[in-house]
Amino acid sequence: MATAMKSITGKSLRVAATRRVAAPKAVRAVKVFASADRPLWYPGNKAPAYLDGSLPGDHGFDPLSLGSDPESLKWFQQAELQNGRWAMLGVAGILFTSIGRQAGAPFPDWYDAGAVLIKDSPIPLGTQIFTLLILFGWVETKRLYDMRNPGSQGDGSFFGITDGFKGKEVGYPGGPFDPLGMARGDNASYQKYKVNEIKNGRLAMIAFVGFIAQHHATGKSPIENLVDHVSNPTGVTFATNGVSVPHFTEF
């Protein structure tokens with residue numbers, strides 16, 4: 001009996017010892033990266049300190065540090081906004097007239113529209129340019145003063161207009177320039193519209209550059225190029241126009 005107990009006890013001690021000296025299990029190190037509080041143009045990349053997300057459409061993109069100076073950042077933000085608006089108007093005009101021309105309407109292609117206007121207009125080109133310089137100069141000066149002193153242009157100096165020129169904020173005039181009242185709703189919708197506008201403006205600026213390159217390569221409008229591509233998807237592409245990818249058609 002004693003021998004049996006001794007044998008059992010010895011085995012128990014050996015098992016316990018074996019369990020005590022067993023190598024610990026390897027522990028995997030797991031790194032958890034907290035997601036940014038807003039989407040950035042390069043996920044995981046830290047946005048510059050001066051791009052804190054307060055501007056509409058701010059995704060931390062400024063590889064050249066153009067906005068590092070606070071005054072320059074204000075100017076660039078307004079410049080992007082205004083150029084985006086002009087680009088949206090221009091791109092819409094190009095597409096609508098190109099669609100009309102494709103449907104048989106007597107519209108000139110966008111790259112010929114200026115020459116047609118000069119030829120058919122009873123007003124000399126010099127007079128048109130001079131008038132535009134005066135009008136644009138006045139508007140841009142008013143906008144510059146409003147940037148420096150927000151709301152200051154509603155002083156009634158222009159035909160007694162006050163509230164119509166005060167604006168909702170710099171770059172967003174509201175009033176008669178907002179006939180659909182999109183800036184008069186709740187603040188959440190207003191902020192969303194601002195983001196939508198700058199995103200579409202950026203897309204339009206890129207599209208306009210594409211239209212210029214496209215015409216240089218093919219001599220056609222974007223709608224004409226689209227129709228040609230749809231008619232022959234594999235034979236008519238950016239790689240076969242002889243310019244975008246040089247020498248591609250030789251192979």
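Given the structure is predicted, the values throughout are model-derived calculations rather than measurements.
Checking side-chain atoms of Thr240 against main-chain N and O of Thr237 turns up a donor-acceptor pair under 3.5 Å.
In this structure, His215 and Trp110 have perpendicular ring planes: the angle between them is above 60°, well past the 30° mark.
Annotation: the span from Asn196 atom CG to Lys194 atom NZ amounts to 12.0 Å, rounded to 0.5 Å. Going from atom CD of Glu71 over to atom CZ of Arg148 covers 9.5 Å, rounded to the nearest 0.5 Å. One distance of note links CG of Leu226 with NZ of Lys220; it measures 12.0 Å at 0.5 Å rounding. Summarising the geometry, atom CG belonging to Leu125 is positioned 4.5 Å from atom CD1 belonging to Ile118; distances are rounded to the nearest 0.5 Å. Separating the CE atom in Met205 from the CG atom in Asn200 is a distance of 11.0 Å, to the nearest 0.5 Å.
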Next item on the list: Show your working on side-chain contact (heavy atoms from CB on, under 4.5 Å) between Tyr145 and Asn149 and close with a plain yes or no.
Entry: CA-CA 6 Å; Tyr145 286 162; Asn149 186 11; over 6 Å; no
Next item on the list: Take Ile94 and Ile223 through the side-chain contact (heavy atoms from CB on, under 4.5 Å) test and state the conclusion after the steps.
Entry: CA-CA 9 Å; Ile94 290 171; Ile223 300 300; over 6 Å; no
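Under a hydrophobic clustering in which Ile, Leu, Val, Met, Phe, Trp and Tyr are joined whenever their side-chain heavy atoms come within less than 4.5 Å, directly or via other members, Phe208 and Ile99 fall into the same cluster.
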Show me the donor-acceptor pairs within less than 3.5 Å that the side chains of residues 101-109 make with the rest of the protein, sequence neighbours left out.
from   : atom 1 : to     : atom 2 : distance (Å)
Arg101 : NE     : Asp109 : OD1    : 3.3
Arg101 : NE     : Asp109 : OD2    : 3.2
Arg101 : NH1    : Phe107 : O      : 2.9
Asp109 : OD2    : Tyr111 : OH     : 3.0

Side-chain donor-acceptor pairs under 3.5 Å in residues 76-92, sequence neighbours left out?
from  : atom 1 : to     : atom 2 : distance (Å)
Gln78 : NE2    : Val170 : O      : 3.4
Glu80 : OE1    : Arg202 : NH2    : 3.4
Glu80 : OE2    : Arg202 : NE     : 2.7
Glu80 : OE2    : Arg202 : NH2    : 3.4
Asn83 : ND2    : Ala79  : O      : 2.7
Arg85 : NE     : Glu197 : OE2    : 2.7
Arg85 : NH1    : Gly171 : O      : 2.9
Arg85 : NH2    : Gly171 : O      : 2.9
Arg85 : NH2    : Glu197 : OE1    : 3.4
Arg85 : NH2    : Glu197 : OE2    : 3.4

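Contact detail for Ser54 and Asp52: the closest heavy-atom pair is OG-OD1, 2.7 Å. When all heavy atoms are compared, the tightest approach of Asp58 to Leu51 is OD2-C, 3.3 Å. Between Gly60 and Pro48 the shortest heavy-atom distance is O-CD, 3.5 Å.
Hydrophobic cluster membership of Tyr42, counting Ile, Leu, Val, Met, Phe, Trp and Tyr whose side-chain heavy atoms lie under 4.5 Å apart directly or via other members: Trp41, Phe61.
In this structure Tyr50 satisfies the side chain to side chain donor-acceptor pair (under 3.5 Å) test together with Asp62, sequence neighbours excluded. By the salt bridge (Lys or Arg N to Asp or Glu O under 4.0 Å) test, Asp69 pairs with no residue at all, sequence neighbours left out. Contacts of Lys199 classified as salt bridge (Lys or Arg N to Asp or Glu O under 4.0 Å), with partners at least two apart in sequence or in another chain: none. Applying the side chain to side chain donor-acceptor pair (under 3.5 Å) test to Thr141 and every residue at least two apart in sequence or in another chain returns nothing. For Asn187, the side-chain contact (heavy atoms from CB on, under 4.5 Å) partners two or more places apart in sequence, or in a different chain, are Tyr190, Gln191. Annotation: side chain to side chain donor-acceptor pair (under 3.5 Å) contacts of Asp186 (sequence neighbours excluded): Ser189. Listed by chain and residue number, Gln214, Thr218 satisfy the side chain to side chain donor-acceptor pair (under 3.5 Å) test with Asn225 (two or more places apart in sequence, or in another chain).
Annotation: side chain of Ser98 is in contact with side chain of Pro222 (closest heavy-atom distance under 4.5 Å).
Between Ile129 and the choices Thr131, Leu132, Leu133, Thr127, the side chain to side chain contact (heavy atoms under 4.5 Å, CB included) rule is met once, by Leu133.
Applying the salt bridge (Lys or Arg N to Asp or Glu O under 4.0 Å) test to every pair with at least one member in residues 112-137, sequence neighbours left out, gives no pairs at all. Residue pairs meeting the ring-ring contact (aromatic ring centres under 6.0 Å, His included) criterion with at least one member in residues 224-244: none, sequence neighbours excluded.
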